[in-house]
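Here's the structure, in structure tokens; my notes come after.
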Protein chains: 2
Amino acid sequence: MKGIRQLAKHLDISIGTVSRALNGKADVNAETRQRVLAAAVELGYVANQSGRSLRQGTTNVIGLMMESSKETNENGDNFFLGLTSGLQSVLSRHKLDLIMLPCPSEEDPTEYLQRMVARGIVDGMIISATQRIDHRLDLLSRTKIPFVTLGRSQSGGEYSWVDLDFDGVANSSVDRLIAKGHRRIAVAAPSNDVNLGYIFLDGYRNALKRHGIAYDPSLVFRVKSSEQGGYQAAHEMLLLDDRPTAIILIYELMAIGLYRRLTEAGVIPGRDLAVIGFREEPRAKFLQPTLTCFRMSVRDLGVELAETLLATMPAYASFYPKGACNTIWPLELVPGESDGFERKP
Amino acid sequence: MKGIRQLAKHLDISIGTVSRALNGKADVNAETRQRVLAAAVELGYVANQSGRSLRQGTTNVIGLMMESSKETNENGDNFFLGLTSGLQSVLSRHKLDLIMLPCPSEEDPTEYLQRMVARGIVDGMIISATQRIDHRLDLLSRTKIPFVTLGRSQSGGEYSWVDLDFDGVANSSVDRLIAKGHRRIAVAAPSNDVNLGYIFLDGYRNALKRHGIAYDPSLVFRVKSSEQGGYQAAHEMLLLDDRPTAIILIYELMAIGLYRRLTEAGVIPGRDLAVIGFREEPRAKFLQPTLTCFRMSVRDLGVELAETLLATMPAYASFYPKGACNTIWPLELVPGESDGFERKP
DNA sequence: CTGAAAGCGCTTACAG
DNA sequence: CTGAAAGCGCTTACAG
């Protein structure tokens with residue numbers, strides 16, 4: 001005999017009372033509750049999750065799906081570890097636990113998610129790195145499991161999401177560069193189908209149009225979201241006959257590789273080429289000249305994501321009355337020296 | 001009605017047969033099995049995990065505990081993301097899933113682990129960043145849940161572990177520096193109670209003794225395992241009257257901060273000070289002069305960890321006959337320019 | 001080869 | 001305030 005039965009026997013009361021005492025139900029004698037609580041600590045009893053879940057239909061666990069692609073791994077993206085801190089600060093208020101579900105790169109993400117959801121180990125899901133077409137969202141909508149995404153998508157119908165303000169970054173970058181006299185402004189965008197690339201490029205094209213500058217596809221470098229991708233973008237740019245005078249990067253680590261390739265070619269950022277990076281990143285802090293980039297709090301983003309998710313879960317919605325919602329997460333420009341020069345006409 | 005009951009009704013057979021067919025039991029008519037499998041796919045049926053776990057007493061899930069300290073987050077340690085790839089490649093052979101359990105920094109790690117284990121959501125645990133005294137290991141030993149650690153500890157009694165060869169790194173670093181004429185060799189070691197610091201320092205002291213050099217405590221800088229820690233170590237070193245001529249770092253990102261502080265002071269690595277870094281790291285690749293460091297495959301380490309864990313689990317031990325074991329994981333020296341000069345006597 | 005039944009550990013109406 | 005009992009969804013001896 002083990003579990004709650006053993007504890008009940010040890011206390012010589014019924015398992016029902018033990019359960020009620022442990023779960024903080026009101027209709028338990030104060031003294032009984034104390035005895036139960038004390039015995040639970042003494043014997044190290046914690047309710048078996050499978051038993052609870054089966055009975056209650058909930059697990060009190062929120063899942064964060066991560067695609068651990070080779071690319072992500074090698075570049076050491078600290079984004080997820082930062083997010084968890086903010087997520088947990090909210091979830092812990094409600095005694096919810098966070099688990100990270102790393103999808104193997106060989107496995108189809110939708111099938112992996114399907115399996116995880118069907119097994120019933122989570123009450124809600126957080127999905128990141130949304131693709132433009134992302135069947136995971138269709139799956140979650142169909143299954144009716146509460147979820148929130150970090151990033152928009154064309155899939156999944158109506159749902160709650162939080163996304164970075166890529167449009168804002170594109171606009172303020174272009175405006176800033178044009179104010180300094182630039183007309184040929186390049187972009188290094190992700191080569192995969194992640195949705196943020198599309199949003200950013202839309203913003204970029206609109207911003208150019210606003211300034212009456214024609215869109216030139218040869219100035220859009222589609223590269224990996226990595227340091228290597230930045231190197232590649234610089235490499236391709238240097239091969240152009242009519243080089244751009246400025247470049248905007250859409251991934252934080254690109255700047256490192258870009259600087260390296262530029263340095264090899266004797267092109268100095270901030271003097272020969274204006275560079276605006278994406279998210280401010282500790283690893284890019286050492287760059288010389290300092291990088292103009294955008295600041296945001298990853299932890300606060302985690303808070304926002306968690307609250308948005310809970311708002312869609314019936315059991316917690318009363319705490320977060322905003323309900324289902326879509327949030328554009330702002331980024332703040334941090335001026336550096338990398339785009340500090342005026343372009344002479 | 002839902003779950004297996006619904007599926008059985010749809011097929012007009014008993015739930016027992018459905019279960020046996022789905023679980024690949026031998027005593028099922030081939031045609032029946034086909035029908036069941038087809039229907040499961042069609043209706044998107046996957047067995048509820050809580051139901052299975054409760055009945056079987058296993059969850060087919062392996063947990064990887066991570067302490068998401070602020071320090072780790074901000075430094076973007078890609079180590080864990082790299083590990084998961086290797087871990088999963090082994091676990092997936094046995095249809096085991098990996099989940100990452102991020103312990104909030106506010107919470108006591110042992111209590112967090114206790115809760116996760118008692119809930120019964122994992123069949124086995126992987127513990128990293130072992131402390132010299134680490135109550136998590138005592139807990140796991142007591143609970144008799146299969147586990148493996150990345151890193152040794154004085155706690156927990158007999159158990160399986162894999163650990164990097166810190167002693168080897170210390171020895172070959174010291175030997176190498178001494179061969180180049182250095183006598184005053186400093187070390188930047190972690191300031192927290194993580195066990196690897198102790199092991200490394202033991203190796204360092206023994207290596208010095210082997211060469212007849214007295215141990216000088218003022219040459220051991222205890223700093224954070226981060227870029228900032230490297231900066232701090234360099235800073236403290238520069239304040240010394242009798243400066244060392246060489247320094248060994250025990251964390252990969254320290255090199256970045258160290259270089260920065262040295263550069264600020266006009267001290268050139270590889271000319272004025274010999275530097276040996278720890279693990280080879282993409283983010284430190286850009287350093288000039290190139291860093292002498294040690295190479296290892298994080299993915300293969302994950303493979304080793306997973307196989308070591310499975311060897312201790314009765315259900316899988318037959319596949320990994322090595323049984324419980326302790327492995328010292330080798331690192332290979334990668335010569336760079338940072339310690340390339342001969343020290344003049 | 002299949003079905004009927006027990007039971008994994010819990011929580012929660014229900015009765016007292 | 002407490003106990004007895006049902007039942008969450010599954011797997012697995014057991015009987016046929």
Side-chain angles (χ1 to χ4, degrees), chain A residues 1-37 39-40 43-61 95 115-123 143 315, chain B residues 1-37 39-40 43-61 95 115-123 143 315:
Chain A
M1 189 171 52
K2 51 177 294 201
I4 198 171
R5 203 139 250 136
Q6 181 182 12
L7 184 59
K9 175 136 191 190
H10 174 256
L11 288 161
D12 202 26
I13 56 178
S14 75
I15 60 167
T17 300
V18 170
S19 175
R20 282 189 295 264
L22 254 22
N23 287 299
K25 303 290 177 185
D27 57 351
V28 178
N29 178 289
E31 192 206 335
T32 307
R33 187 190 306 277
Q34 286 313 315
R35 285 184 57 218
V36 172
L37 257 32
L43 303 185
Y45 171 79
V46 180
N48 174 288
Q49 188 59 39
S50 299
R52 296 195 77 180
S53 301
L54 196 52
R55 175 61 224 240
Q56 297 196 118
T58 67
T59 61
N60 297 319
V61 171
K95 295 192 182 289
R115 187 155 46 90
M116 289 302 166
V117 166
R119 293 170 79 181
I121 55 177
V122 296
D123 291 348
T143 325
Chain B
M1 191 173 49
K2 52 177 293 204
I4 199 172
R5 203 140 247 135
Q6 181 182 11
L7 184 59
K9 174 137 194 186
H10 174 256
L11 287 162
D12 202 25
I13 55 178
S14 75
I15 60 167
T17 300
V18 170
S19 175
R20 282 189 294 266
L22 253 23
N23 288 300
K25 303 290 175 186
D27 57 348
V28 178
N29 178 290
E31 193 206 334
T32 306
R33 188 191 304 278
Q34 286 313 316
R35 283 183 58 218
V36 172
L37 258 31
L43 303 186
Y45 172 78
V46 180
N48 174 287
Q49 188 59 36
S50 299
R52 297 196 76 182
S53 302
L54 195 52
R55 173 62 224 240
Q56 299 197 118
T58 66
T59 61
N60 297 319
V61 170
K95 295 193 182 290
R115 188 155 45 91
M116 289 302 168
V117 166
R119 292 168 80 180
I121 56 177
V122 297
D123 290 349
T143 325

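Chain naming here is simple, since letters A, B, ... match the order of the sequence lines and numbering starts at 1 in each.
- Closest to the side chain of A:Asn48, from the set C:dG3, D:dT11, C:dG9, is C:dG9.
- Within the 3.5 Å criterion, the main-chain N or O of A:Leu11 finds a donor-acceptor partner in the side chain of A:Arg35.
- In this structure, B:Asp12 and B:Leu54 both approach DNA chain C, and ranking their closest nucleotides by distance from the 5' end singles out B:Asp12.
- Heavy atoms of B:Ile13 sit under 4.0 angstrom from primed sugar atoms or phosphate atoms, though from no base atom.
- Both distances falling under 3.5 Å, in either a Watson-Crick or a G-U wobble arrangement, place D:dG3 opposite C:dC14.
- Among all heavy-atom pairs drawn from A:Gly120 and A:Thr59, the shortest one is O-CG2, 3.0 Å.
- Between B:Gln56 and the phosphate of D:dC10, there is no side-chain N or O to OP1/OP2 separation shorter than 4.0 Å.
- In this structure, the nucleotide among D:dT2, C:dG3, C:dC10 sitting nearest to the side chain of A:Asn29 is D:dT2.
- The distance from atom NE2 of B:His10 to atom CD1 of B:Ile13, rounded to the nearest 0.5 Å, is 11.0 Å.
- For C:dC1, neither phosphate oxygen OP1 nor OP2 lies less than 4.0 angstrom from any side-chain nitrogen or oxygen of B:Thr32.
- Counting any heavy atom pair closer than 4.0 Å across all strands shown, A:Asp27 reaches a base atom.
- Residue B:Arg52 places at least one side-chain N or O closer than 4.0 Å to OP1 or OP2 of D:dT11.
- Taking the nucleotide of DNA chain D with the nearest heavy atom to each of A:Ala30 and B:Val46, the more 5' of the two is matched to A:Ala30.
- Taking atom CD of B:Glu31 as the reference point, atom P of C:dC1 lies 11 Å away to the nearest angstrom.
- Both B:Ala47 and B:Arg20 lie near DNA chain D, and the one whose nearest nucleotide falls closer to the 5' end is B:Ala47.
- Residue A:Ile4 comes nearest to A:Val18 through the heavy atom pair CG1-CG1, 3.6 Å, listed as atom of the first residue, atom of the second, then distance.
- Taking atom CD1 of B:Ile121 as the reference point, atom P of C:dG9 lies 17 Å away to the nearest angstrom.
- To the nearest angstrom, P of D:dG9 lies 11 Å from CD of B:Gln6.
- Between B:Leu54 and A:Ser50, the shortest heavy-atom contact is N-CB, 4.0 Å.
- Atom-to-atom, CZ of B:Arg5 to P of D:dC10 comes out at 9 Å; the value is rounded to the nearest Å.
- Remark: C1' of D:dC10 and CD of B:Gln49 are 10 Å apart, rounded to the nearest angstrom.
- Between B:Ala26 and B:Gly16, it is B:Ala26 whose nearest contact on DNA chain C lies nearer the 5' terminus.
- Distance CD1 (A:Ile4) to P (C:dG9): 11 Å, rounded to an integer number of Å.
- A donor-acceptor pair is defined here as one N or O able to donate and one able to accept, closer than 3.5 Å; no such pair exists between the side chain of A:Asn23 and the backbone of A:Lys25.
- Remark: B:Thr17 is in phosphate contact with C:dG3, judged by side-chain N or O atoms under 4.0 Å from OP1 or OP2.
- Taking atom CD1 on A:Ile15 and atom C1' on C:dG7, their separation rounds to 13 Å, with Å as the unit.
- Phosphate proximity of D:dT11 to B:Asn23: present, with a side-chain N or O under 4.0 Å from OP1 or OP2.
- Taking atom NZ of residue A:Lys25 and atom C1' of nucleotide C:dC10, one finds them 12 Å apart after rounding to whole Å.
- Residue contacts for B:Ser19: at a heavy-atom cut-off of 4.0 Å it reaches a base atom on one of the strands shown.
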